Amino acid sequence: MKRPILTSLAVTAALAVLSPHCANAQVAANLDNLPQGQSTPPPTTNAPHHMAHHINAAPASGTQNGHSAPAPQQHTSQTHSALPGVPTAPPPPVILPPPFGEVPLHPPVAADPVIAVPKASSSAAPLSDGTLRVLFSTNSADLNADTIAAITNLAEHLKTAPDKRVILMSYATLPGDDISMPRRIALARALTVRSLLVSHGVATTRIYPRALGRPAPTDTAPADRLDILTEPHSTPDQNASESRTPTP
């Protein structure tokens with residue numbers, strides 16, 4: 001007849017050993033099952049003191065299933081420093097000081113002397129525009145005295161027209177298919193004529209030698225020649241106007 005009492009006590013003991021998270025339910029005992037006439041007190045429904053503390057304690061705000069939720073992050077306002085003011089005027093230009101001391105200036109390099117070769121079969125003939133054509137013998141850059149005199153006379157005339165550039169179109173030919181040696185001979189001829197012009201007062205910045213070597217097959221002029229041509233210097237204003245002129 002004491003089995004119901006033992007059953008109620010067993011249930012109470014089981015609830016006592018449960019974790020606080022699982023002890024949220026209330027325990028009730030059926031008093032009708034107890035034997036009549038016995039003075040055994042009914043089992044208490046109150047949980048132990050340490051369990052009652054957890055049971056009666058209200059769950060904290062923000063908790064779910066007994067686990068505390070992470071605290072919300074508080075966004076603190078960040079203070080920004082004031083932007084620098086915009087200057088009202090641009091900074092002054094940087095002025096570089098002149099170099100300390102005097103800069104040494106070197107005299108221009110003298111042109112190589114050109115010595116007349118009496119046996120050279122060179123000649124000079126004027127062109128239609130007042131310039132000069134110099135003829136050379138094959139595989140040679142030598143000039144005789146008459147040819148040198150004609151070139152120096154042209155140099156005296158070119159000194160009076162500093163606004164013109166001097167173009168030296170030099171050609172040379174040799175038997176065979178070699179293209180390197182004709183260009184070397186043409187360059188030697190151009191440098192010889194250039195030295196004559198420079199030594200008689202023509203500025204080196206005005207002279208433009210062009211060693212073309214073997215002439216084109218359609219060129220009917222003598223193959224071993226050098227044409228001294230002139231063309232006007234183009235000013236910056238002329239270059240700008242030519243660049244703006246549309247091509248047809």
Side-chain angles (χ1 to χ4, degrees), residues 73-115 126-134 141 143 148 150-172 179-216 225-248:
Q73 297 180 358
Q74 297 180 359
H75 298 280
T76 58
S77 61
Q78 298 179 357
T79 58
H80 299 279
S81 59
L83 297 177
V86 179
T88 58
V94 179
I95 301 177
L96 298 178
F100 298 99
E102 296 182 358
V103 179
L105 300 178
H106 301 281
V109 179
D112 296 334
V114 178
I115 301 175
L127 297 176
S128 59
D129 57 351
T131 55
L132 195 66
R133 170 172 290 176
V134 182
L143 297 174
I148 293 177
I151 296 174
T152 55
N153 291 335
L154 179 62
E156 296 295 332
H157 173 70
L158 293 175
K159 287 194 302 183
T160 62
D163 59 334
K164 292 184 178 181
R165 295 185 294 183
V166 182
I167 314 297
L168 305 181
M169 307 289 289
S170 182
Y171 301 88
I179 61 176
S180 175
M181 187 57 66
R183 288 183 178 178
R184 294 181 182 180
I185 298 174
L187 179 60
R189 294 171 178 174
L191 294 179
T192 300
V193 176
R194 177 182 178 275
S195 297
L196 286 173
L197 296 177
V198 171
S199 61
H200 286 78
V202 181
T204 58
T205 56
R206 298 175 51 194
I207 304 174
Y208 296 86
R210 297 189 61 186
L212 301 177
R214 196 184 305 273
R225 74 182 190 274
L226 184 145
D227 294 337
I228 305 176
L229 308 177
T230 59
E231 61 181 16
H233 276 289
S234 58
T235 60
D237 295 337
Q238 292 176 349
N239 292 334
S241 62
E242 291 176 359
S243 62
R244 289 193 298 266
T245 304
T247 58

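What you see is a predicted model; the values in this text were computed from it and never measured. Note that these values count all heavy atoms, side chains included, but never hydrogens, waters or copies made by symmetry.
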Looking only at non-hydrogen atoms, find the nearest pair between [X] and [Y] and report the distance.
X: Pro182; Y: Arg214; result: CG-NH2, 3.6 Å
X: Leu229; Y: Met169; result: CD1-CG, 3.8 Å
X: Leu196; Y: Ser199; result: O-OG, 2.9 Å
X: Ala186; Y: Ser170; result: O-OG, 2.7 Å

Would you mind reporting whether [Y] and [X] have side-chain heavy atoms less than 4.5 Å apart?
X: Arg206; Y: Leu158; value: yes
X: Ile167; Y: Thr230; value: no
X: Asp227; Y: Thr131; value: no
X: Asp112; Y: Leu191; value: no
X: Arg194; Y: Thr204; value: yes
X: Val114; Y: Ile151; value: no
X: Leu168; Y: Leu197; value: yes

Item to complete: Report yes or no: does Arg189 contribute a side-chain atom to a donor-acceptor pair with the main-chain N or O of Tyr171 at less than 3.5 Å?
Response: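 Flag set: sc Arg189 to bb Tyr171 pair under 3.5 Å.
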Discussion item. Could you go through Ile207 and Val193, starting from their C-alpha distance and side-chain angles, then the distance that decides it, and tell me whether this counts as side chain to side chain contact (heavy atoms under 4.5 Å, CB included)?
Written reply: CA-CA 10 Å; Ile207 304 174; Val193 176; over 6 Å; no
Discussion item. Would Thr192 and Leu226 count as a side chain to side chain contact (heavy atoms under 4.5 Å, CB included) here? Give the steps.
Written reply: CA-CA 11 Å; Thr192 300; Leu226 184 145; over 6 Å; no
Discussion item. Can you tell me how far apart CD1 (Ile148) and CG (Leu143) are? Round to the nearest 0.5 Å.
Written reply: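 Reported value, rounded in 0.5 Å steps: 5.5 Å.
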Discussion item. Other residues, nucleotides and ligands only: do more than 12 of their heavy atoms fall within 6.0 Å of CZ on Arg133?
Written reply: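 Yes, enclosed.
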